[in-house]
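Following: one structure in structure tokens, then a few remarks.
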Amino acid sequence: MTLVRLCAYAGLAVVGAATGVAGALVQGAWFPGGLLLALLAITSLTYGGAKAVGTRVGAAAPAGGWLVAVLLLTATRPEGDFLFSAGVGSYVFLLGGMMAAVMCATLPQLSPPADRKAPPAGRPGARLGK
């Protein structure tokens, strides 16, 4: 692991935390459009992180930052205040964001591995009937 990749993971985690805070505010303020926007933001960030870095950790880093921020915002304070409303939108945001992050982190890699490239010219491939 290089220093550049480690910095990329840390940056993705910070952006994920900021997305979690922004999503927590937007999903309750502009229901249902804000909820869809917040879910689209975390989905785009985790998928984009995986594609930009090229590893599944690229999707897990912003998902981890998002999860930490959202869990800290769901805790009640001694005064009894909390950020999330008691509606169904908050639960959809929490569960939908977690599901989107897990789906993006577990997507298969689309580029073929180096050992599975096309066979050399003149040699048949592994597919029968071709």
Side-chain angles (χ1 to χ4, degrees):
M1 179 174 298
T2 63
L3 181 62
V4 173
R5 187 169 286 211
L6 188 63
C7 289
Y9 293 149
L12 284 169
V14 169
V15 173
T19 303
V21 172
L25 296 173
V26 168
Q27 63 88 19
W30 299 324
F31 187 79
L35 175 64
L36 294 174
L37 183 65
L39 290 175
L40 181 66
I42 187 60
T43 305
S44 301
L45 181 61
T46 53
Y47 183 74
K51 293 308 263 182
V53 179
T55 63
R56 290 184 174 149
V57 181
W66 178 87
L67 185 64
V68 167
V70 169
L71 289 179
L72 288 175
L73 292 174
T74 58
T76 59
R77 296 183 9 199
E79 297 87 19
D81 299 334
F82 56 95
L83 189 62
F84 286 96
S85 62
V88 71
S90 299
Y91 294 111
V92 172
F93 174 65
L94 291 171
L95 295 175
M98 287 183 219
M99 285 179 14
V102 167
M103 286 189 305
C104 290
T106 57
L107 280 175
Q109 299 295 328
L110 298 178
S111 61
D115 60 342
R116 292 194 184 173
K117 292 190 178 194
R123 295 187 60 196
R127 296 176 70 181
L128 300 176
K130 293 277 179 177

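Hydrogens, waters and symmetry mates are skipped; everything else that's a heavy atom, side chains included, is used.
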Roughly how far, to the nearest 0.5 Å, is the CG atom of Leu40 from the OG1 atom of Thr19?
-> 11.0 Å

What about Trp66 and Leu25, same hydrophobic cluster or not, with Ile/Leu/Val/Met/Phe/Trp/Tyr joined at side-chain heavy-atom distances under 4.5 Å?
-> yes

Heavy-atom nearest pair, Ala105 first then Ala60, reads CB-N, 4.5 Å

Which atoms form the tightest heavy-atom contact between Ala17 and Ala69, and what is the distance?
-> O-CB, 3.5 Å

Nearest heavy-atom approach of Gln27 to Ala38 is CB-CB, 4.4 Å

Spacing of CZ belonging to Arg5 relative to OG1 belonging to Thr55, to within rounding of 0.5 Å | 5.5 Å

Ala13: side-chain contact (heavy atoms from CB on, under 4.5 Å) partners, not counting sequence neighbours = none

In the single-linkage hydrophobic clustering (I, L, V, M, F, W, Y; side-chain heavy atoms under 4.5 Å), do Trp30 and Leu35 co-cluster?
-> no

Any side-chain heavy atom of Val15 sitting closer than 4.5 Å to one from Pro62?
-> no

Rounded to the nearest 0.5 Å, the OG atom of Ser90 sits from the CG atom of Leu73 at a distance of 11.0 Å

What one should report as the nearest heavy-atom pair of Ala100 and Thr43 is CB-OG1, 3.2 Å

Closest non-hydrogen atom pair between Leu12 and Ala61, with its separation = CB-CB, 4.2 Å

Nearest 0.5 Å please: distance from the OG1 atom of Thr46 over to the CE atom of Met103.
-> 8.5 Å

Flag yes if Leu67 and Val21 sit in one hydrophobic cluster, no otherwise; membership is Ile, Leu, Val, Met, Phe, Trp, Tyr, and two members link when side-chain heavy atoms are under 4.5 Å apart.
-> yes

Quick one: CG on Leu71 to CG on Leu94, what's the gap to the nearest 0.5 Å?
-> 7.5 Å

Common cluster, Met99/Val88, ILVMFWY with side-chain heavy-atom separation under 4.5 Å | no

Should Tyr9 and Val4 be regarded as members of a common hydrophobic cluster, given that ILVMFWY residues are connected when their side-chain heavy atoms come within less than 4.5 Å of each other, either directly or indirectly?
-> no

Output for pair (Ile42 CD1, Leu37 CG), nearest 0.5 Å, gives 12.5 Å

